[in-house]
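Only one structure is covered here, and it is reproduced in the block below.
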Amino acid sequence: MEKKSKRRFVLLLSSVSAIFFIVLAANFQGSFSAASQKPTKKRSTKPAVATSFVSSLVLPVAGNVYPLGYYSVSVDIGNPPKHFELDIDTGSDLTWVQCDAPCTGCTKPRDLLYKPKDNIVPCVDPLCSAIHSAGNFKCESSNDQCDYEVRYADYGSSLGVLVLDYFTLRLMNGSLHRPKMAFGCGYDQKNPGPIPPPPTSGVLGLGNGKTSFVSQLETLGVIKNVIGHCLSREGGGFLFFGDQLVPSSGINWTPITGNLLDKHYTSGPAELLFGGKATGIKGLELIFDSGSSYSYFSAQLYKSTLNLVTKDLSGKPLKDAPEEKALPICWKGAKPFKSVSDVKSYFKPLALSFTKSKNVQLHLPPEDYLIITKNGNVCLGILNGSEVGLGNINIIGDIFLQDKLVIYDNDKHRIGWVPANCDRLPKS
């Protein structure tokens, strides 16, 4: 890998089965590969913004919080279409797939990789500048390709080039669409950490930046810039794009509070409640991130939450289980537990009360912050973010969002949720 310039990074947290993608910043410079294709002539992938939308798109979701540690969907890319299983990630913008250009460090066999066909996006394209941090983007020639590099907190990385190809999408009204969209062709993957990467082909970037999957679909006039997911506690669920499945009432809405340059789904301030009572912990800013299996609190918030939980367990028939390696904080009983239902009476509910929105709370019963391991122990699904380089960032991960319809409305700059049955796909 050539070191042509300093690189800021996309942070991926891969810890104890948790997959976490969150874009902090990106400065992409590099080269394709020794076997790279010549870039195409200057062109723009930015069409005129459409004023009407056709329908909504629903994709079945596979995966779970534990033991897999990720949720994914299958998308069809190319002509003829080829299946690619991608992690769903509202914490980052760029969609990328493992790419045969050729590929270094790919986890899929060669016949399951994406093969570019003279469809590289030039660096003069507006979508290329959109994935670079302001002030650090250099496009020296209109013939230069649009390179990217993402680096992760577990020291993994993906290096590649932006390409343009067809996505085959069957909408809820039965219509078939094949929009041509930009995504990353990752030809150099590194995963030096102790935890192996998930067996997926890449990442489906669902952030609210211009290069995200949903933003491109809106620009092309396919769907509105609205995302929703329903992740089942039993595994699976569904992901949707567009507003057709947004309930007309009953949703808890809170505004997206990040600035225009912030591509994360951030909301707050919020207050932590324990057992329905105020804790005095206020002013919390939180990022909703479907790419994170577990939730991550800043050091002080984590310490306070852990103290509340452990103090309340005093006198109850649970003992520390340091031998359990699934998560950092675990307990065991007199005999192995089969489900959270066996222990939920020992734990009080948590809640996050969003103070800018009247009576809006994210209720977190014990099953929304605990898991039962293969050994029958119960573990806390809230981790210390400072131990993985997150600093003061607080992340709401999948464990908090199970069995809820969660909606990211980019048109109205708000996030909403409502309890739901995520085990059934919505009908067309």
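We're numbering straight along the sequence, starting at 1.
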### Task
Please check if the side chain of Ser215 supplies one atom and the backbone of Thr211 the other of a donor-acceptor pair under 3.5 Å.
no
### Query
Closest approach of Gln244 and Ser56, non-hydrogen atoms and distance?
CB-OG, 2.9 Å
### Residue pairs, two or more places apart or on separate chains, that pass ring-ring contact (aromatic ring centres under 6.0 Å, His included) and touch residues 304-331
Trp331-Phe347
### Query
Any chance CZ of Arg110 has more than 12 other-residue heavy atoms, nucleotides or ligands included, within less than 6.0 Å?
no
### Query
Quick one: does Phe337's side chain get under 4.5 Å of Asn377's, heavy atoms only?
no
### Task
Check whether the ring centres of His229 and Tyr408 lie less than 6.0 Å apart, and answer yes or no.
yes
### Task
Ignoring hydrogens and angles, state whether a donor on the side chain of Glu271 or Ser353 is under 3.5 Å from an acceptor on the partner side chain.
no
### Query
Are any of the side-chain heavy atoms of Phe240 and Pro426 separated by less than 4.5 Å?
no
### Task
List the steps, then state whether side chain to side chain contact (heavy atoms under 4.5 Å, CB included) holds for Ser72 with Leu86.
CA-CA 5 Å; Ser72 64; Leu86 305 177; 6.0 Å; no
### Query
Would the number of heavy atoms belonging to other residues, nucleotides or ligands and lying under 6.0 Å from NZ of Lys356 be above 12?
no
### Task
Verify, without hydrogens or angle tests, whether Ser129 (side chain) and Pro126 (backbone) share a donor-acceptor contact under 3.5 angstrom.
yes
### Task
Decide yes or no on side chain to side chain contact (heavy atoms under 4.5 Å, CB included) for Leu284 and Leu301, but give the supporting numbers first.
CA-CA 9 Å; Leu284 304 175; Leu301 176 58; 3.9 Å; yes
### Summary
Here the pair of heavy atoms bringing Ile407 nearest to Trp253 is CG2-CH2, 3.8 Å
### With sequence neighbours excluded, residues passing salt bridge (charged side-chain N to carboxylate O under 4.0 Å, His left out) with Arg233
Asp368, Asp403
### Query
Would you say the side chains of Ser201 and Glu85 form a donor-acceptor pair under 3.5 Å?
no
### Message
Is there a side chain to side chain donor-acceptor pair (under 3.5 Å) between Ser386 and Tyr296? Walk through the geometry before answering.
### Response
CA-CA 9 Å; Ser386 67; Tyr296 292 80; over 6 Å; no
#### Entry: Main-chain N/O of Phe354 paired with Gln361 side-chain donor or acceptor, under 3.5 Å
no
### Query
Under 3.5 Å, is there a donor-acceptor pair linking the side chains of Thr107 and Gln98?
yes
### Task
Test Leu171 against Leu176 for side chain to side chain contact (heavy atoms under 4.5 Å, CB included), laying out the working first.
CA-CA 6 Å; Leu171 303 189; Leu176 185 67; over 6 Å; no
### Smallest separation among heavy atoms of Cys128 and Pro122, with atom names
CB-O, 3.9 Å
### Query
So with a 6.0 Å cut-off around CG of Asn392, is the heavy-atom count from everything else above 12?
no
### Query
Who pairs with Glu367 by salt bridge (charged side-chain N to carboxylate O under 4.0 Å, His left out), at least two apart in sequence or on another chain?
Lys344
### Message
Test side chain to side chain contact (heavy atoms under 4.5 Å, CB included) on Tyr369 and Tyr294; report intermediate values, then the result.
### Response
CA-CA 8 Å; Tyr369 67 86; Tyr294 301 108; over 6 Å; no
### Query
Do Val418 and Lys404 touch side chain to side chain, with heavy atoms closer than 4.5 Å?
no
### Message
With disulfide (SG to SG under 2.5 Å) as the criterion, how do Cys146 and Cys123 come out once you've worked through the C-alpha distance, each side chain's angles and the decisive distance to 0.1 Å?
### Response
CA-CA 4 Å; Cys146 181; Cys123 66; over 6 Å; no
### Query
Which heavy-atom pair separates Ile120 from Gln145 by the least distance, and what is that distance?
CG2-CB, 3.5 Å
### Task
Measure the CG-CG distance between Leu206 and Asp93 for me, rounded to the nearest 0.5 Å.
9.0 Å
### Query
Which residue pairs pass the ring-ring contact (aromatic ring centres under 6.0 Å, His included) test with at least one member in residues 297-321, sequence neighbours excluded?
none
### Query
Would you say Lys82 has more than 12 foreign heavy atoms packed within less than 6.0 Å of its NZ?
yes
### Query
Counting N and O atoms only, with roles assigned by atom type, does the side chain of Ser92 sit under 3.5 Å from a partner on the main chain of Leu94, one being a donor and the other an acceptor?
no
#### Entry: Thr200 side, atom OG1; Ile88 side, atom CD1 - distance, nearest 0.5 Å
11.5 Å
### Task
Check whether the ring centres of Trp96 and Phe213 lie less than 6.0 Å apart, and answer yes or no.
no
### Task
Would you indicate whether the side-chain heavy atoms of Phe167 and Lys180 approach each other to under 4.5 Å?
no
### Task
Identify the two heavy atoms, one from Lys115 and one from Asp100, that lie closest to each other, and give their separation to 0.1 Å.
CD-O, 3.4 Å
### Task
Measure the NZ-CD1 distance between Lys412 and Ile256 for me, rounded to the nearest 0.5 Å.
12.5 Å
### Qualifying residues under ring-ring contact (aromatic ring centres under 6.0 Å, His included), relative to Tyr114, sequence neighbours excluded
Phe183
### Task
Sorted by first residue and then second, give each disulfide (SG to SG under 2.5 Å) pair with at least one member in residues 282-367; sequence neighbours left out.
Cys330-Cys379
### Atom of Leu162, atom of Gly184 and distance for their closest heavy-atom approach
CD1-N, 4.1 Å
## Note on the structure
Between the CG atom in Asn208 and the OG1 atom in Thr90, the distance rounded to the nearest 0.5 Å is 9.5 Å
### Task
Taking the side chain as every heavy atom from C-beta outward, state whether Asn79 and Arg178 have any pair of such atoms under 4.5 Å apart.
yes
### Query
Do Asp398 and Ser290 touch side chain to side chain, with heavy atoms closer than 4.5 Å?
yes
### Query
Is Asp289 close to Asp89 at the side-chain level, that is, under 4.5 Å between some pair of heavy atoms?
yes
